[in-house]
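Just below is one structure, and these are the notes that go with it.
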Amino acid sequence: MQGGPLVQALLRVGRCLEDKTGVPLDSFVKLLSKTPREEYGDFGFPLARFFGRAEQVLPEVQQCVSIDYVSLSLWNGFLNVKLDERGLGRELFELMKGGWRPEPLKTETPRRIVVEHTSANPVHPLHIGHARNASLGDCLARMLKARGNDVVVRYYVNDVGRQVSVVVLGFSLLGIEPEELSTRLGTKIDHAIGWVYAVTHTAIDAVMARRRGDQEEAERLAAQLVKLRERGDASLADLIIERVSSLENPEAKLSEIMSRYEAGLEPERSKVRALSQAALEGFMETLGRMGIGYDSIDWESDVVWSGLLAAVLSKARESPYLTKHKEALALDLMRIVRERVGEKERERLRLPKGFEVPPMILFRSDGTTLYWTRDIAYSIYKFSDSKADQVINVIASEQRLPQLQIRIALLGLGYEREGLNMLHYEYEIVRLPGRAMSGRRGEYVTLDELIDEAKERAAKEAALRNPDLSKEELESIAEGIAVGAIRFSLVQPGATKSITFDVERVLRLEENTGPYLQYTHARAHNILEKHGQVKYELAEPEVFSERDRRSLLIHALLYPMVAAKAADELRPEDLASYLLKLADLFNKWYQKDSVIREPNAGLREGKAAMVQLVSQVLGSGLSLLGVPPLKRM
RNA sequence: GGGCCCGUAGCUCAGCCAGGAUCAGAGCGUCGGCCUGCGGAGCCGAAGGUCCCGGGUUCAAAUCCCGGCGGGCCCGCCA
C-alpha cells in the first residue's frame, strides 16, 4: 500500500472530494494542514473557499471514502478529517508485518530530469559556498529520484575560459607541475592550484592597476599578495609576482592560452586538461566525503571540440536576431522577447515584466567564446544526451541575468522546448562575515578544512560517550556527524536566504541540527536493538490512545506525503523542518515512556512498532537530505 | 537609475506563494529545574516581539496591493 494508512486515507478523502465537489486533488493536498485545535480533528481543509454547499455533499463524500478509521466533519468552512488511532494502528501493524516501509509517495507522472550542480571552476578548492550548491543539488536529486523520477546528475567542468588560463599561466611562470607544488606545499592538489590561481590573478590585477595609475587599488592588491605569500610558499609567490610584472602584456598571454585551448592546439590542450583533471580529482575526493556523486562529468572543452558549439554558432550567425553590440557579434535578446515571448513564456522564463534584457555578446574580440555562449550549446546537449523533460541548474542567484539570457537565447535560436524547460534553481551565496568569498583573491574557507574541523569536534564528543568504540568506528562516526552537520546547515534554511558563514553555527550539535536528527535516529535504533524483532501480531493498537504516542504516529505516517511535496516543490527545507518536528515529538515521548520496560506485551510491541516506524522515517528522510543516518554516535 | 531577493524575540530563522479556526512560532543565548530508568547531542519551565514603516483591499492581513525605509545581489568582450 503506497503511502501507508494515513496518506492513503487522506488521498482517498481528496479523491472523493474531487469527485463530489470538483475541488482538484492538487488543491486539497496543497492546502490540507494540521488543525490548530484538537477538537476540530486532525487535518483540515478550507473547503468553503472552493465549494459553497459543503453540508449537502458531506454525507456523500463520507460514504465514498468509507474507511472505518476516518471521519469527516465541517467547522467554520473547514472540512476536517479525524482519524481513529486504533484503526490507523491496526492497519499500520498489518502493513509492517508485510514488510511495508515508509517512503516518499511515487509520482504518477514520472519525468526525466537532469540536475546539474556544483560545477565549480577547477581553479581553486571547493569552499563552503560550493558546498551549499552541492548539498542543495544532491538533495534535490535524491528527492526527485525517490519520488519516482528518472534523474541524471551532471557536473560541468569549466575548463574553457579565462580562469583556467590564469592558473596555466601561473604554473608556466613557475615552471613546475601541479603535483610537484602539491607535494612541496604539503596540500591537496586542488588547494595548491587554488593558491597559484589566487597569487597569479591578484598579481596580474595589481600590475594592471599600477599601470593604469590606480595607486589605491594597487596597494590593496599588494597587501592581499602579502597574505597569500604567507599562506603558501613565499619564494614561489615572489617568483610569480616578479615574472608577472615582467610580462609585457599579461592579458595577451591569457588570450593566447584561451584561444589555443579552444582551438584544441598542443601543448595547451594537454596542459589545461591535465590541470583541470587534477583539480577535479581533488573536488571529487571532497564531494565523495560528503556523499555526493555524479552520473556524468561533462567537459566544457568537449562542447567546443565536438562541434556542438560550432553548430549553435552557425545557427546564431544565420539568426534574424543576430546583431552588433559594442562592435561585437551578439544576439538581440530584447527582440526575441518582443517577437517570441508571450504571457505564458514570460512566466516560464521568469522574465520580469518590462525588464530590459541586455544583448548577449557571443564572442570576445580575440575570437574566443564567452561562457554563456558555450552554455547555450551545453544546455541543448543536456536535454538531448539525457532525453530530459526538464533540466535543473543549481546556480547561485547572482547569475540570474546570464541564466535568463541563456533561456531567451535558446528560445530565439529555435530551442523553445529547451529554453522553457530549463530551471535555474537559485540559491544565495554563502558569505564570510562582512564580505563575500573570493576565489581569485584566495579568500575562502575550504570545505576540506571545514569537514576536518567538524570531524575533530564530533570525534571528541563521540569518544566521550562511547569509550568502547574502536578507532575505525569512531573515525567513521565522526565523519558521518561532520557531514551531517554541514549538509543539514546548508540545506535547512530556504535557498533564497543568504547565509553568513559561522563555524560555530555550522558545527553545533544541538537541537535544530543534523546531528540532533542523527542522535534521535540512533536513540530509536538503540531501543530496537535492545528490544529485538518486533512482534507485530502481538501489537495492540490501543497503544496509540495515549496522546503523545498518537501525535507521534500521525506525524510519522505523514512522511510519504511530506517528502513527495518537498520533492515536487524543490523544497528540501520543508523536509528538514518536518524531520525536526518528528524528532521533537519522539524525544518528548522518549523521556517519559519506556518500551522495553513496558510489562504489557501488546503495548510493548505496539510501542516498538512505533519506534520502528519513526526510525524508518528518520532514516529515509535523512538519506534524502544527505545526512548519514547513524546507528551509534 | 532599472530588475530581483531579504526585513518576524538579543541572535539565526520558520510561517507569506495557495489570507482565516489561539498565528505571533522554533532553535541559539539568558535564567531556573530534571542524571539508581531504552543514550542528558535529551526533557520540563521562565523571561523576551510595534511580524521594518505608512496607506489600501477584506467580515478577516505577518500573509494580498500601493508607497516608503534598511540590507544584499545583478545590470562586464569574468564565471
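In what follows, chains carry the letters A, B, and so on, assigned in the order in which the sequence lines appear, proteins first and then strands, with residues in each chain numbered from 1.
For B/G70, the paired nucleotide is B/C6, the pair qualifying as Watson-Crick or G-U wobble because both relevant distances are below 3.5 Å. Searching all strands for a Watson-Crick or G-U wobble partner of B/C64 with both distances below 3.5 Å returns B/G56. With a cut-off of 3.5 Å on both Watson-Crick or G-U wobble distances, the partner of B/G42 is given as B/C34. B/U50: no Watson-Crick or G-U partner with both key distances under 3.5 Å is found in any strand. In this structure, B/C13 and B/G25 make a Watson-Crick or G-U wobble pair, each of the two defining distances being under 3.5 angstrom.
At least one donor-acceptor pair closer than 3.5 Å links the side chain of A/His424 to the backbone N or O of A/Ile395. Side-chain atoms of A/Ser489 come within 3.5 Å of backbone atoms of A/Ile486 as a donor-acceptor pair (strictly under, hydrogens ignored). A donor-acceptor contact shorter than 3.5 Å is absent between the side chain of A/Lys607 and the backbone of A/Val543. With A/Lys253 contributing its side chain and A/Val244 its backbone, the two residues share no donor-acceptor pair below 3.5 Å.
Checked against the 6.0 Å centroid threshold, A/Trp589 and A/Phe586 count as a close aromatic pair. Under the 6.0 Å cut-off for aromatic ring centres, A/Phe78 and A/Tyr40 do not qualify, their centroids lying 6.0 Å or more apart. The six-membered or imidazole ring of A/Tyr516 lies away from that of A/Phe488, with a centre-to-centre distance of 6.0 Å or more.
Counting only heavy atoms from C-beta on, A/Arg374 has its side chain closest to B/A79 among B/C77, B/G27, B/A79. Checking B/A79, B/G42, B/G27 against every side-chain atom of A/Asn512, the shortest atom distance belongs to B/G27.
In this structure, A/Glu510 places its CD atom 6 Å from P of B/C28, rounding to the nearest Å. Put simply, CD1 on A/Ile527 is 12 Å from C1' on B/G37, counting in whole angstrom units. What separates CD of A/Glu300 from C1' of B/C78 is a distance of 12 Å, to the nearest Å.
A salt bridge links A/Arg547 with A/Glu38; the closest basic N to acidic carboxylate O contact falls under 4.0 Å. Salt-bridge check for A/Lys455 with A/Glu479: passed, with a basic side-chain N closer than 4.0 Å to an acidic carboxylate O. Ion pairing between a basic and an acidic side chain is recognised when a charged N comes within 4.0 Å of a carboxylate O; A/Arg457 and A/Glu453 show such pairing.
Using a 4.0 Å cut-off, some side-chain N or O of A/Arg364 falls inside it from OP1 or OP2 of B/C78. For B/C43, neither phosphate oxygen OP1 nor OP2 lies less than 4.0 angstrom from any side-chain nitrogen or oxygen of A/Tyr519.
RNA chain B is contacted by both A/Arg508 and A/Val160; A/Arg508 maps to the nucleotide lying nearer its 5′ end (nearest heavy atom per residue).
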Using atom names, set out every protein N or O paired with an N or O of nucleotides 7-11 of chain B below 3.5 Å, distance rounded to 0.1 Å.
from : atom 1 : to       : atom 2 : distance (Å)
B/G7 : OP1    : A/Lys497 : NZ     : 3.0

Identify the pairs formed between an N or O of the protein and an N or O of nucleotides 18-23 of chain B at a distance under 3.5 Å, and give each distance.
from  : atom 1 : to      : atom 2 : distance (Å)
B/A18 : O3'    : A/Arg49 : NH1    : 3.2
B/A18 : O2'    : A/Arg49 : NH1    : 2.9
B/A18 : N1     : A/Lys30 : O      : 3.3
B/G19 : OP1    : A/Arg49 : NH1    : 3.4
B/A21 : O2'    : A/Tyr40 : OH     : 2.0
B/A21 : N1     : A/Asn80 : OD1    : 3.1
B/U22 : OP1    : A/Arg37 : NH1    : 2.6

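Seen from the ring of A/Tyr427, A/Arg132 does not count as a face-on cation partner, given the 6.0 Å and 45° thresholds.
Classification of B/C53 as anti follows from a glycosidic angle more than 90° from 0.
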### Message
Using a 4.0 Å heavy-atom cut-off to protein, can you give one letter per nucleotide of nucleotides 65-76 of chain B, 5' to 3': B if the base is in contact, S if only the sugar-phosphate is, - if neither?
### Response
-------SSSS-
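Side chain to side chain, A/Thr513 and A/Arg508 fail the donor-acceptor criterion of an N or O pair below 3.5 Å.
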